[in-house]
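These notes are about the structure you will find just below.
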Amino acid sequence: MNLATIVQELSLEVRCASENLKNNVTGGYTGDLLSEVMANSHEGNIWITRQVHQNIVAVASLKDHAGIILINSCEPTQDTLAKASQEKIPIMVSNLPAFELTGKIYNLLEKKD
Amino acid sequence: MPVPETDHISYQRSFYIEGGNFNYAGIVSTSIKSILKQMDFPGDVVRKCAIVCYESEINVVSYARKGVVNLTINPDTVQIEVIDEGPGIPNIDQAMQQGYSTANQKIREMGFGAGMGLYNIKSYSDAFIISSELGKGTRLLMTINIKK
Ligand SMILES: Nc1ncnc2c1ncn2[C@@H]1O[C@H](COP(=O)(O)OP(=O)(O)O)[C@@H](O)[C@H]1O
Ligand SMILES: [Mg+2]
């Protein structure tokens, strides 16, 4: 499933790198501790987090994530947006909390794969 | 003319890290990852290097004044050496434990300081050496094997 489908199904708001919504999503990882995400997430994952600062872009880029979704309507900082646009990492915003968003994405990926 | 046999270094490059500046944290690791990717290393080699390099880089930014990363690519290994000028680590065994962290509130708020860095560096390296001198700094040497 690509990001565009997830964006549409869950009414996510895309904040940058919308040219990369065709990225294939292999699974997801939910977490706010960067070391844990570095160690345990995989290539093509969608990363669900409440961290909004620019260091999330390096992590997503190093791990080849499909994109980042910020929960609870958290907005990325200007620095984060600039970096993510440059690295072509899509950042999306959801009004759902982590538990609900993760569950919905999990179900979507299970259903359509 | 016969070429003398040497186990010569195929690639060497150094990168500078500024302590305390989180705006550029991760930039060295990102550069090293793209170099390795361009050289077509297997995915698991690139992944391991990215993890150990990132955690070491973040530690220099978090705890030291400045540091340097020396990347050396040999025929069978990738070596990442990280040397910093900083406070050093008083108790290395303790620092290596999962969950041990002296990170301040500002660092923790960004999602760093989980105390998993050194532990993960060790687990994702094929060989790992750490040494530290109080008041001087810390040196890490990570070796990742390239399986042919
Ligand atoms: N380069 C370094 N210089 C000084 N102290 C360090 C350095 N690297 C790690 N430490 C110390 O070791 C602890 C554990 O490091 P680490 O496992 O990376 O976890 P974290 O960075 O999340 O605290 C740090 O909290 C810090 O006290
Ligand atoms: Mg650390």
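Every chain is numbered from 1 and lettered A, B, ... according to where its sequence line falls, protein lines coming before strand lines.
A distance of 10.0 Å separates CG of L33(A) from CZ of R108(B), quoted to the nearest 0.5 Å. Distance check: E43(A) CD to R47(B) CZ gives 6.5 Å after rounding to the nearest 0.5 Å. If you take CD on E36(A) and CG on N120(B), they are separated by 9.5 Å, rounding to the nearest 0.5 Å. Here the straight-line distance linking atom CG of N55(A) with atom OH of Y54(B) works out to 5.0 Å at 0.5 Å rounding. Put simply, OH on Y24(B) and NZ on K83(A) are 7.5 Å apart, with the number rounded to the nearest 0.5 Å. With rounding to the nearest 0.5 angstrom, the CG atom of L34(A) is 12.0 Å from the CD1 atom of I107(B).
S61(A) and K33(B) get closest at one heavy-atom pair: O-NZ, 2.9 Å. Scanning both residues, G117(B) and S35(A), for their nearest heavy atoms gives N-OG, 4.3 Å. For the pair G26(B) and A58(A), the tightest heavy-atom approach, listed with the atom from each and the gap, is CA-CB, 4.3 Å.
Taking hydrophobic clusters as Ile, Leu, Val, Met, Phe, Trp and Tyr residues chained together by side-chain heavy-atom distances below 4.5 Å, F15(B) shares a cluster with M39(B). Using a 4.5 Å cut-off between side-chain heavy atoms of Ile, Leu, Val, Met, Phe, Trp and Tyr, with links allowed through other members, Y11(B) and I80(B) fall into the same hydrophobic cluster. Placement of I121(B) and Y119(B) in two distinct hydrophobic clusters is found when ILVMFWY residues are connected by side-chain heavy-atom separations under 4.5 Å, directly or transitively. Residues Y106(A) and M1(A) are members of separate hydrophobic clusters, defined by side-chain heavy-atom contacts under 4.5 angstrom among Ile, Leu, Val, Met, Phe, Trp and Tyr. I83(B) and V61(B) are assigned to two separate hydrophobic clusters, defined by single-linkage of ILVMFWY side chains at heavy-atom distances under 4.5 Å.
Residue Y63(B) places its OH atom among more than 12 non-hydrogen atoms of other residues, nucleotides or ligands, all under 6.0 Å distant. Counted within 6.0 Å of CD on Q8(A), heavy atoms from surrounding residues, nucleotides or ligands total 12 or fewer; the atom is thus considered open. For Q78(A), the CD atom sits in a loose shell: 12 or fewer heavy atoms of surrounding residues, nucleotides or ligands are nearer than 6.0 Å.
If you tally non-hydrogen atom pairs under 4.5 Å between each of M116(B), E109(B), E55(B), M110(B) and chain A, the highest count goes to M110(B).
Test T30(B), I32(B), V46(B) against L62(A) for side chain to side chain contact (heavy atoms under 4.5 Å, CB included) and you get one pass: T30(B).
Within the 4.5 angstrom heavy-atom criterion, only side-chain atoms of Y124(B), from C-beta onward, approach chain A.
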